[in-house]
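Just so we're clear, the structure is a prediction, and the values are computed from it rather than from any experiment.
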Amino acid sequence: MQKKLKLWDAIMLVMGSMIGSGIFIVSADMMRNLGSGFWLVIVWIITGIMTVAAAISYGELSALFPKAGGQYTYLKEIFGKKMGFLYGWGLFTVIQTGTIAAVAMAFGKFTAYLIPSLNDAAPLFQSGEFKITWIQILAIAVILLLTYINTRGVQSGKLLQNVFTGSKIIALLGLIAAGFILVDFSHLSENFSLGLDSYNNLKKDISGNFLKEGWEPIGGMTLLGGIAAAMVGSVFSSVAWESVTFVSGEVENPKKNIVKSMIYGTSAVMILYLAVNYVYLNALDRDSIAFATNDRVAVAASQNIFGSAGTVIIAVLVMVSTFGCNNGLILAGARVFQTMAKDGMFFNSAEKNNKNEVPENALWMQGIWASLLCLSGQYGNLLDMISFVIVLFYMITVFGVIYLRFKKPELERPYKTWLYPVTPIIYLLIGTGFCVLLLIYKQQYTWPGFVMVLLGLPVYYFINRKKQID
């Protein structure tokens with residue numbers, strides 16, 4: 001593969017893949033689960049520490065295995081083909097493609113702010129609860145357009161990624177600055193006045209709307225359950241940074257630049273996320289954050305900051321953000337499926353590069369499946385189910401750093417995990433706490449995704465029926 005991605009391009013890919021639609025909406029649900037500005041900030045800090053610790057740990061593996069395929073390659077090399085396949089299976093069936101679908105739908109929904117007729121138009125097709133709307137068609141069009149652009153070569157995808165990621169970083173910095181300069185009345189002291197007292201409000205009326213007067217104090221294990229539930233949103237907003245490892249084969253000096261891009265990119269994004277949440281806490285009171293219409297906290301905050309123009313400003317920002325995010329996801333994801341094909345673990349045709357030196361067939365397979373998920377309307381439910389599995393695979397990969405230190409201490413390690421073994425242990429402890437609490441309190445986020453990944457086992461054995469199973 002040609003080395004066309006420099007360190008700056010890799011950092012833009014990390015940041016661009018992370019910043020999608022989540023940061024603009026998840027704080028509402030987080031506030032409903034914890035009811036305190038302090039706890040909202042604490043959960044974002046925990047998620048930030050967790051994310052950067054994982055990126056630092058992955059750095060050692062990226063230097064050991066500077067190949068295309070990233071996390072799939074790490075898991076295959078450390079734990080065998082079966083583990084690698086299960087990750088790749090999950091990535092294709094929902095982790096990567098489901099995220100692409102969800103982000104594309106967010107683009108469509110915020111476009112409907114600017115073009116209300118998209119919301120008002122009758123469904124193109126409807127049968128019972130299943131329907132096909134113009135917003136879904138727009139989402140599919142975006143996926144197919146970005147897939148086509150990326151088939152034109154790495155340079156095309158790289159240019160688009162840098163422009164859109166740079167634009168949304170500048171826009172977010174502008175929003176952060178305006179959030180403290182232009183707000184007439186600050187709610188910061190009010191939102192932090194409760195200290196570490198915590199509350200939740202998950203009660204709904206018969207129409208399914210949350211009741212603003214339903215706040216109840218929580219503590220002990222209920223608080224821990226609330227933290228885990230809140231982290232589903234912050235973790236979802238902070239994943240996909242590992243996408244840069246998928247394109248290791250196309251990055252200059254991957255042994256150094258992959259780890260640098262992950263650490264710099266994740267650190268910068270988590271600082272941005274924390275600052276954006278301070279803007280929400282400054283511009284809005286607790287109820288306005290928790291009960292923002294359709295959870296669109298950023299829209300509510302922007303209206304307080306910019307007045308009536310706020311809705312348009314945020315709609316444009318989310319459109320830029322989601323468009324750039326999807327480009328990064330599409331560019332990176334196909335490289336995993338190409339690597340799997342080379343290992344005999346995916347459709348053979350996905351292995352080939354086109355004349356532009358990119359895996360065109362793998363790109364279209366990914367794009368078509370993501371488009372079908374848009375039509376299914378189930379991508380949101382799938383992503384809720386898979387959050388647990390994403391963290392589980394992160395944990396297995398981070399554990400791989402420790403495992404390899406014991407199993408193969410003789411390997412030359414161009415980069416060694418900073419503060420080893422403290423850094424990977426920090427991630428494993430936080431990740432374990434998150435997963436255990438979800439298993440206890442929010443099982444709807446756990447076993448369905450786990451079952452979905454395990455369905456890959458019969459597929460694996462079918463593929464390997466004529467081979468020696470490892």
Which residue, Phe346, Tyr87, Phe347, Phe85, forms the ring pair (Phe, Tyr, Trp, His ring centres under 6.0 Å) with Phe92? Phe346

Does either side chain, that of [X] or that of [Y], offer a donor lying less than 3.5 Å from an acceptor on the other one?
X: Glu360; Y: Asn150; result: no
X: Tyr394; Y: Gln71; result: no
X: Gln155; Y: Lys158; result: yes

Determine, for [X] against [Y], whether the closest basic-nitrogen to carboxylate-oxygen distance falls under 4.0 angstrom.
X: Glu77; Y: Lys67; value: yes
X: Lys76; Y: Asp343; value: yes
X: Lys342; Y: Glu351; value: no

Just verifying a value: how many Å separate [X] [atom1] and [Y] [atom2], rounded to the nearest 0.5 Å?
X: Thr99; Y: Asn326; atom1: OG1; atom2: CG; result: 9.0 Å
X: Ile425; Y: Ser57; atom1: CD1; atom2: OG; result: 10.0 Å
X: Met105; Y: Phe110; atom1: CE; atom2: CZ; result: 12.0 Å

Any cation-pi pair here, Arg296 with Phe24, using under 6.0 Å and within 45°? no

Scan the side chains in residues 266-275 for donor-acceptor partners under 3.5 Å anywhere in the protein, sequence neighbours excluded, and list what turns up.
| from | atom 1 | to | atom 2 | distance (Å) |
| --- | --- | --- | --- | --- |
| Thr266 | OG1 | Met262 | O | 2.6 |
| Thr266 | OG1 | Ile263 | O | 3.4 |
| Ser267 | OG | Ile263 | O | 2.7 |
| Tyr273 | OH | Met18 | O | 3.1 |
| Tyr273 | OH | Ser237 | O | 2.8 |

Counting neighbours of OH on Tyr264 that are heavy atoms of other residues, nucleotides or ligands and sit closer than 6.0 Å, is the number greater than 12? no

For the OH atom on Tyr420, are there more than 12 heavy atoms of other groups (residues, nucleotides or ligands in this structure) within a distance under 6.0 Å? yes

Tell me the salt bridge (charged side-chain N to carboxylate O under 4.0 Å, His left out) pairs involving residues 35-50, sequence neighbours left out? none

Any salt bridge (charged side-chain N to carboxylate O under 4.0 Å, His left out) pairs touching residues 22-42, not counting sequence neighbours? Asp29-Arg32, Arg32-Asp295

Given the options Ile149, Ile100, Val103, Val142, Ile330 meets side-chain contact (heavy atoms from CB on, under 4.5 Å) only with Ile100

Between Trp447 and Phe388 (judged by ring centroids, cut-off 6.0 Å), do the two rings come close enough to count as a pair? no

Sub-6.0 Å ring centroid separation between Tyr72 and Phe337: no

If we only count heavy atoms from C-beta on, is the Val26 to Trp44 side-chain gap below 4.5 Å? yes

